[in-house]
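Everything below concerns the one structure shown next.
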Amino acid sequence: MQTISHPEWMELARSFSTLTELASAYNPEVSPRSARRRLVETLRQSPQLLDELSNVGFKMGQRLLYPGQILVIFNRLGLPKCTVSGSK
């Protein structure tokens, strides 16, 4: 699958630097720790997503994310529900 990169998506991708920040944007109603667990579980349950992330250098257990990795997640999961407070 080719990653679609809209300019505003790249800007949003750059506003996250950790898996926990991104997870909290997808699951703002739960604690950051629970949000991270949910996102990791989503990754584990989606072999295609994990494969695409692996192609851009992602490894399970990684805490820091690069914009290209975040764009892959956006393409598979859609944009997050909200932005994280304090994001750039």
Side-chain angles (χ1 to χ4, degrees):
M1 176 178 171
Q2 183 179 6
T3 301
I4 300 167
S5 178
H6 302 287
E8 60 272 7
W9 286 24
M10 183 55 85
E11 175 104 13
L12 182 59
R14 287 186 180 126
S15 71
F16 301 102
S17 59
T18 68
L19 187 64
T20 301
E21 287 175 349
L22 182 61
S24 291
Y26 277 106
N27 298 286
E29 67 282 352
V30 299
S31 73
R33 186 176 183 181
S34 292
R36 185 180 68 242
R37 284 184 190 154
R38 285 183 184 183
L39 184 55
V40 167
E41 186 60 30
T42 298
L43 297 179
R44 286 190 175 128
Q45 291 178 356
S46 178
Q48 288 179 331
L49 174 55
L50 257 177
D51 188 49
E52 289 174 38
L53 284 169
S54 173
N55 290 336
V56 292
F58 179 81
K59 294 182 177 21
M60 285 303 284
Q62 178 178 325
R63 293 189 183 258
L64 294 178
L65 296 174
Y66 299 102
Q69 295 168 338
I70 294 170
L71 287 175
V72 168
I73 293 170
F74 286 174
N75 274 284
R76 280 286 176 180
L77 303 181
L79 295 178
K81 297 174 185 175
C82 70
T83 58
V84 177
S85 62
S87 64
K88 298 174 198 162

d(Ser15 OG, Leu22 CG) to nearest 0.5 Å is 8.5 Å
What one should report as the nearest heavy-atom pair of Pro32 and Thr20 is CB-CG2, 3.7 Å
Worked check of side chain to side chain contact (heavy atoms under 4.5 Å, CB included) between Leu19 and Gln62 = CA-CA 8 Å; Leu19 187 64; Gln62 178 178 325; over 6 Å; no
Main-chain N/O of Leu71 paired to Asn75 side chain as donor or acceptor, under 3.5 Å | yes
Examine Tyr66 and Phe16 and state if one hydrophobic cluster contains both, with Ile, Leu, Val, Met, Phe, Trp and Tyr joined whenever side-chain heavy atoms are less than 4.5 Å apart.
-> no
Can you list the residues that meet the side chain to side chain donor-acceptor pair (under 3.5 Å) rule with Thr18, with sequence neighbours excluded?
-> none
Tell me the salt bridge (charged side-chain N to carboxylate O under 4.0 Å, His left out) pairs involving residues 30-47, sequence neighbours left out?
-> Glu29-Arg38
In this structure, CG of Leu50 is separated from OG1 of Thr42 (nearest 0.5 Å) by 10.5 Å
Applying side chain to side chain contact (heavy atoms under 4.5 Å, CB included), run through Leu12 and Trp9 and close with a yes or a no.
-> CA-CA 5 Å; Leu12 182 59; Trp9 286 24; 5.6 Å; no
Would Leu77 and Leu39 satisfy side chain to side chain contact (heavy atoms under 4.5 Å, CB included), going step by step from the backbone distance to the final call?
-> CA-CA 10 Å; Leu77 303 181; Leu39 184 55; 3.8 Å; yes
Distance (rounded to the nearest 0.5 Å) between Ile73 CD1 and Phe58 CZ = 6.5 Å
Would Met60 and Val40 count as a side chain to side chain contact (heavy atoms under 4.5 Å, CB included) if you check the C-alpha gap in whole Å, the side-chain angles of each, and the deciding distance to 0.1 Å?
-> CA-CA 8 Å; Met60 285 303 284; Val40 167; 3.6 Å; yes
